[in-house]
Amino acid sequence: MRRLLMLLLLAALTTNTALAADGIFNRKKERKRNKRKTEQVEAVKVSPEPQKKQLAEEVILTPDTVAVKVVENDITLNLTPDQVDSLITEWRELREGVKYDEYFKNFIGSDSIRIEGTDSVANAERDTLYARRLKNLVSPIPLAYNYIVRASIDRYVKSTSGTISRILGLSQVYFPLIEDELMKAELPIELRAMPIIESALQVNAVSRAGAVGLWQFMPTTGKSYGLEVNSLVDERRDPIRSTYAAVRFLKDLYRMFGDWTLAIAAYNCGPGNVNKAIARSGGKTFWEIYDYLPRETRGYVPAFIAATYAFNYHRDHGIEMTKAPIPIALDTIHINRVMHLEQIASTIDVNMETLRLLNPQYRADIIPASTKPYTLILPQRYVNQYIEHEAEIMGKDTVYLKEYLNPANLDKKRLERREIYHRIKRGETLGGIARRYGVTVSQLMRWNGIKNASRIREGQRLRIQK
């Protein structure tokens with residue numbers, strides 16, 4: 001009960017809610033308490049500071065000393081900064097969970113209709129149901145329904161791979177960021193489904209063509225929208241920076257075509273290919289130029305519609321969320337000097353795997369802040385630990401960064417390709433290893449001369465190029 005009360009108090013403070021307005025504190029008692037505090041302060045001739053954590057209660061003057069007896073301010077609850085960070089984390093996770101549940105309860109709802117069978121009657125009923133549900137979403141992006149879209153929807157909701165379950169968990173981490181940027185740019189919120197079809201919300205995803213990150217930027221496009229891409233830093237993997245870039249790119253594409261289905265198609269195959277399809281077909285919408293688009297792009301808009309459907313109606317298909325493998329409550333630290341992630345992991349209670357998952361843009365585990373600041377993402381509950389031990393962390397640079405303290409070495413390293421190695425453990429598959437490192441199975445097989453993906457052994461060493 002005490003922990004719940006502390007969470008409620010912290011939530012109220014965080015959202016700047018007026019406690020008195022909610023009736024939490026009695027106004028009359030508060031005025032008496034304020035009067036008593038004023039009298040105490042006047043006794044020691046000290047001006048009050050509203051942010052003081054402790055209040056003077058009793059003053060005893062002697063010829064040589066001033067002894068002040070202090071009492072705990074009732075707002076602090078005698079919490080340490082680490083405990084406050086922990087409470088903020090719990091509150092933010094609770095808030096995201098409530099927000100997630102309320103969205104589907106209040107804005108999507110559930111008709112609890114399940115259609116079994118694959119005969120013509122069942123398929124016709126399923127078509128009617130899917131079409132009605134998409135229409136109910138009311139989006140500025142046309143969410144058309146046809147047999148092509150139905151096939152894409154079935155791939156999402158009938159899959160036994162658990163992809164949508166994992167996506168739902170990761171959406172609690174990445175969708176708030178994506179939605180904020182879309183709203184700032186005055187773009188449709190439904191565009192949040194783009195990284196579902198691009199990367200399944202995997203920041204380390206790599207396509208066969210070499211596109212990388214949540215939004216699957218190619219190096220040239222990424223750089224043209226301000227993303228840093230070199231051997232030490234690949235901001236295509238940075239969920240924050242890549243989202244900024246993707247929103248700008250999508251806005252530019254919409255300005256070109258004035259139609260969201262065409263803009264989404266152009267995101268996949270490039271505006272040039274869409275223009276050629278328009279010229280050859282004479283059409284003005286995605287479905288009118290469908291036959292003239294590249295094969296992959298023909299399935300792209302249907303996949304976007306299907307991902308939008310699956311996200312919103314997953315509960316009607318018995319799909320539940322899998323908890324995200326990374327924390328929901330995160331915070332940002334600005335780094336102004338070269339740092340190795342191991343300096344942090346060896347000092348505070350955050351392991352390297354978590355640091356890499358939260359900061360995937362640092363390809364060699366190095367933050368190369370020699371000439372400009374970079375960001376470090378940490379779990380909220382460990383931010384105060386970092387601040388308290390910052391000097392100790394910085395002092396480990398000569399241990400972990402002997403080779404890189406010279407900016408000239410950093411510039412040289414940026415031009416090199418990074419190779420890492422993985423020792424196969426019992427039960428691991430190439431698919432799972434590929435997802436972990438953001439590469440493809442075919443790349444793992446090519447780099448390691450593997451002919452059959454199912455014929456790997458425990459203890460085998462894999463070379464991975466990043």
Give a yes or no on this: more than 12 heavy atoms of other residues, nucleotides or ligands lie within 6.0 Å of atom [atom1] of [X].
X: Lys135; atom1: NZ; answer: no
X: Glu390; atom1: CD; answer: yes
X: Glu458; atom1: CD; answer: yes

Would you say the side chain of [Y] lies within less than 4.5 Å of the side chain of [X], judging by non-hydrogen atoms?
X: Ile335; Y: Pro373; result: no
X: Thr163; Y: Arg166; result: yes
X: Ile333; Y: Thr375; result: no
X: Ile450; Y: Ile456; result: yes
X: His422; Y: Ile464; result: yes
X: Leu358; Y: Ile326; result: yes
X: Arg192; Y: Phe311; result: yes
X: Val212; Y: Phe217; result: no

Non-hydrogen atoms of [X] and [Y] that approach each other most closely:
X: Val247; Y: Leu187; result: O-CD1, 3.7 Å
X: Leu170; Y: Ala200; result: CD1-O, 4.0 Å
X: Cys269; Y: Val274; result: SG-CG2, 3.8 Å
X: Leu357; Y: Pro325; result: CD1-O, 4.4 Å
X: Gly210; Y: Pro219; result: O-CD, 4.2 Å
X: Leu177; Y: Pro239; result: CD2-O, 3.5 Å

| task | Mind telling me whether Tyr225 and Phe249 have parallel, tilted or perpendicular rings, with 30° and 60° as the class edges? | result |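 Tilted.
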| task | May I ask you to check whether Tyr267 and Tyr300 place their ring centres under 6.0 Å from each other? | result |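 Ring-ring flag for Tyr300/Tyr267: false, centres at least 6.0 Å apart.
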| task | Decide if the gap between the ring center of Tyr309 and the ring center of Tyr156 is smaller than 6.0 angstrom. | result |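 Centroid distance Tyr309-Tyr156: not below 6.0 Å, so no.
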Would you say the side chains of [X] and [Y] form a donor-acceptor pair under 3.5 Å?
X: Ser199; Y: Trp215; value: no
X: Tyr174; Y: Glu179; value: no
X: His314; Y: Glu320; value: no

Looking at [Y], is its backbone amide N or carbonyl O close enough to the side chain of [X] to form a donor-acceptor pair, meaning the two atoms are under 3.5 Å apart?
X: Gln343; Y: Ile393; result: yes
X: Glu428; Y: Lys425; result: yes
X: Asn448; Y: Arg463; result: yes
X: Ser171; Y: Phe175; result: no
X: Tyr313; Y: Arg133; result: yes
X: Lys251; Y: Ala185; result: yes
X: Arg241; Y: Gly226; result: yes
X: Gln216; Y: Gly213; result: yes
X: Asn359; Y: Ile377; result: yes
X: Ser346; Y: Glu342; result: yes

Rounded at 0.5 Å granularity, tell me how far [atom1] in [X] sits from [atom2] in [Y].
X: Leu227; Y: Arg237; atom1: CG; atom2: CZ; result: 12.5 Å
X: Ile264; Y: Ile197; atom1: CD1; atom2: CD1; result: 7.5 Å
X: Met339; Y: Leu341; atom1: CE; atom2: CG; result: 9.0 Å
X: Asp349; Y: Tyr386; atom1: CG; atom2: OH; result: 15.0 Å
X: Leu462; Y: Trp447; atom1: CG; atom2: CH2; result: 10.5 Å
X: Arg150; Y: Leu134; atom1: CZ; atom2: CG; result: 13.0 Å

| field | Carboxylate-amine/guanidinium contact Glu228 Lys372, below 4.0 Å | value |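 Salt bridge present between Glu228 and Lys372.
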| request: Begin with the C-alpha distance, continue with both residues' side-chain angles, and end with the deciding distance and a verdict on side chain to side chain contact (heavy atoms under 4.5 Å, CB included) for Leu201 and Leu214. | output: CA-CA 5 Å; Leu201 294 183; Leu214 276 183; 4.1 Å; yes
| task | Would you check, one step at a time, whether the test side chain to side chain contact (heavy atoms under 4.5 Å, CB included) holds for Thr297 with Asn273? | result | CA-CA 10 Å; Thr297 308; Asn273 283 322; over 6 Å; no
| Step-by-step side chain to side chain contact (heavy atoms under 4.5 Å, CB included) determination, Ile344 to Ile348 | CA-CA 6 Å; Ile344 304 165; Ile348 66 173; 3.7 Å; yes
| Is there a side chain to side chain contact (heavy atoms under 4.5 Å, CB included) between Met445 and Lys451 once you walk through the steps? | CA-CA 7 Å; Met445 294 175 68; Lys451 303 299 182 182; 5.9 Å; no
